Amino acid sequence: MKRSLTCATMLGWILTASLAFAQGLPTASPEAVGLSSARLARVTDLVKGEIAKGRYPGAVALVARRGKVAYFEALGQRDPQSGAPMTKPFASVAAMMLVEDGKILLSDPVSKYLPKLKNLQVSVPRVDPQTGRVSYALVPTEREMTIQDLMRHTSGLVYGVFTSHAAVKEAYAKEGVDWSGVTPDEQIERLARVPLAHQPGSAWEYSLSTDVLGRVVEAVSGATLGQFLQERLFAPLKMTDTAFLVPNGKAARLAQPFAKDPVSGDAVKLLDVTVAQKNDAGGAGSAGTVADYARFSQMLLNGGQLDRVRILGRATVAQMSSDHLGDIRVASPILPRGYGFGLGFAVRKETGVNWVTGSAGEYRWGGAAGTAFWVDPKEQMIVVWMTQAQPGPRRGEDRDLFRQLVQAALVD
């Protein structure tokens with residue numbers, strides 16, 4: 001079966017794990033950082049049980065608190081450390097580096113850097129009061145989408161596979177709008193030919209916005225997104241196993257999903273990251289390890305620096321991890337209840353509302369096939385979860401169950 005991953009999904013796990021694998025992050029016993037060993041053992045038992053039920057082939061989980069790794073377990077099938085990190089936060093950090101460099105402003109129109117995305121139209125549904133039939137009309141944008149809109153998913157762009165806007169969904173399919181199998185220029189050209197689903201700034205909908213953000217990073221920096229991230233993020237943070245292409249020497253470490261989805265029986269078809277893609281997508285496609293993503297997450301928790309290497313300023317991280325939606329309408333059920341959205345992450349607005357225990361101010365995101373991470377400044381905790389399975393609603397259930405048990409391990 002092909003070695004593969006989906007957007008923001010895991011590629012690998014290891015049969016046995018050691019805290020030493022967390023490259024350079026110090027380690028501690030759970031009790032030394034206010035966690036319960038007995039309660040974390042419940043996490044291990046849970047994952048073993050889910051694997052036995054056939055929910056997913058295997059998983060890797062890492063929990064660090066107060067700057068130290070207290071839990072790092074790999075369970076199930078397949079032998080590597082390689083996984084697929086959540087790519088979107090990487091692209092968001094890259095964009096904020098350019099903001100700190102003074103090369104872009106969040107208020108800049110996207111067309112300043114990608115002229116083909118100027119003068120877009122919006123598809124507006126209209127209901128016939130007599131027949132109830134819905135038709136769609138094209139109207140001009142009231143304002144252009146901005147860099148901030150891309151980062152908080154209020155650009156009016158969508159994912160064709162997710163959106164409920166029938167006319168836009170049809171247009172995406174007709175023009176072949178996607179994030180894989182196209183060059184950067186082809187992706188922007190196709191997006192320029194389809195209408196927006198919302199007026200920019202009027203609604204939140206999960207979308208190809210982060211892909212377009214990656215195109216902005218490339219236009220401003222003169223490098224591919226992969227090159228920019230390698231130079232400015234991966235190398236400085238010593239994320240040695242993270243890239244958009246897994247080289248032959250590391251290919252044997254890639255883990256696989258089931259050949260067929262255990263529920264539908266359909267073959268699992270995911271992206272092959274051992275083959276060079278036509279573009280480095282801002283929203284998907286990077287491969288790496290749990291340990292690497294832990295370093296990235298710890299950098300964010302530390303206010304933009306790790307091991308005396310500063311990636312972003314403290315105020316920039318605070319800006320990214322604050323809610324940028326306010327009263328903007330949420331037009332997609334993908335955003336969890338009780339959360340707003342910052343510049344690259346969902347941001348928990350209050351301790352209640354969402355059914356999973358958590359802290360106000362926590363920020364997080366997850367991948368279609370099961371990966372997840374969250375950063376909790378109040379509890380000084382980062383958590384990374386990677387598994388590989390068929391994308392679908394079950395993956396959200398898996399993550400939430402895991403999250404609930406990890407939160408229950410907080411005792412001090």
Side-chain angles (χ1 to χ4, degrees), residues 8 10 13-14 17-19 21-22 25-51 53 55-56 58-76 83 85-86 89 289-291 293-298 300-301 321 336-339 345-348 350-367 369-389 394-412:
M10 171 193 167
W13 51 88
I14 45 180
S18 163
L19 292 179
F21 288 154
L25 289 182
T27 63
S29 68
E31 280 69 24
V33 293
L35 295 166
S36 165
S37 295
R39 287 174 174 260
L40 286 174
R42 296 179 188 173
V43 177
T44 302
D45 291 342
L46 167 75
V47 176
K48 286 181 177 178
E50 296 300 282
I51 292 170
K53 295 175 186 175
R55 296 277 289 193
Y56 38 80
V60 180
L62 181 148
V63 180
R65 193 169 188 227
R66 299 169 186 166
K68 297 180 179 180
V69 177
Y71 180 89
F72 191 18
E73 290 289 339
L75 302 161
M86 286 59 70
T289 63
V290 169
Y293 215 83
R295 292 186 64 79
F296 174 74
S297 302
Q298 189 66 47
L300 293 172
L301 181 61
S321 57
R337 290 191 64 217
Y339 284 79
F345 332 99
V347 179
R348 189 158 183 152
E350 51 191 299
T351 300
V353 181
N354 192 274
W355 74 271
V356 179
T357 305
S359 306
E362 163 222 295
Y363 49 102
R364 57 175 281 203
W365 201 238
T371 51
F373 84 103
W374 76 89
V375 177
D376 188 332
K378 178 182 177 182
E379 296 292 350
Q380 286 293 293
M381 183 167 71
I382 63 166
V383 181
V384 183
W385 161 257
M386 289 190 180
T387 188
Q388 177 87 310
R394 291 179 62 191
R395 305 288 74 83
E397 297 171 8
D398 297 335
R399 284 191 294 256
D400 285 348
L401 191 56
F402 166 74
R403 281 172 52 81
Q404 186 60 56
L405 266 67
V406 170
Q407 293 293 130
L410 288 164
V411 293
D412 180 22

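Quick caveat: nothing in here was measured; it's all calculated off a predicted structure.
The pair Lys378-Glu362 does not meet the salt-bridge criterion, since no charged nitrogen lies less than 4.0 angstrom from a carboxylate oxygen.
Val383 places a side-chain heavy atom less than 4.5 Å from the side chain of Phe402. For the pair Ser37/Glu31, a side-chain contact is recorded, criterion being any heavy-atom separation below 4.5 Å from C-beta on. Counting only heavy atoms from C-beta outward, the side chains of Gln407 and Met381 approach each other to under 4.5 Å. Considering only heavy atoms from C-beta on, Ser297 comes within 4.5 Å of Val384 through its side chain. Between Trp365 and Phe373 there is a side-chain heavy-atom pair separated by less than 4.5 Å. In this structure the side chain of Tyr71 never reaches within 4.5 angstrom of the side chain of Val33, judged on heavy atoms. Under the 4.5 Å side-chain criterion, counting only non-hydrogen atoms from C-beta, Ile51 is in contact with Leu75. The side-chain heavy atoms of Leu35 and Leu410, taken from C-beta on, include a pair separated by under 4.5 Å.
Scanning both residues, Arg364 and Asp400, for their nearest heavy atoms gives NH2-OD1, 4.1 Å. Here the closest non-hydrogen pair linking Gly361 and Pro377 is O-CD, 3.6 Å. When all heavy atoms of Ala59 and Val47 are compared, the closest pair comes out as CB-CG1, 4.0 Å. Closest approach of Thr351 and Ala360 over heavy atoms only: OG1-N, 3.5 Å. Taking both residues in full, the closest heavy atoms of Ala70 and Pro30 are given as O-CG, 3.6 Å, listed atom of the first, atom of the second, then distance. Residues Asp412 and Arg66 come closest through the heavy atom pair O-NH2, 3.0 Å.
In this structure, Phe345 and Tyr363 have tilted ring planes: the angle between them lies in the 30° to 60° band.
Expressed to the nearest 0.5 Å, how far CG of Asp398 lies from OG1 of Thr387 amounts to 7.5 Å. Once rounded to the nearest 0.5 Å, the distance linking CG of Asp45 with CG of Leu40 reads 11.0 Å. With values rounded to the nearest 0.5 angstrom, Arg295 atom CZ is found 5.5 Å from Leu25 atom CG. Between Gln298 atom CD and Leu300 atom CG the span is 9.5 Å, to the nearest 0.5 Å.
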Chi angles and distances behind the side-chain contact (heavy atoms from CB on, under 4.5 Å) call for Trp374, Arg348:
CA-CA 10 Å; Trp374 76 89; Arg348 189 158 183 152; over 6 Å; no
Worked check of side-chain contact (heavy atoms from CB on, under 4.5 Å) between Tyr293 and Leu62:
CA-CA 10 Å; Tyr293 215 83; Leu62 181 148; over 6 Å; no
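For Arg39 (side chain) and Arg42 (main-chain N/O), no donor-acceptor pair under 3.5 Å exists by modelled atom type. Arg65 places a side-chain N or O within 3.5 Å of a backbone atom of Glu379 that can act as its donor or acceptor partner. A donor-acceptor pair under 3.5 Å is absent between the side-chain atoms of Arg403 and the main chain of Val356, judged by distance alone.
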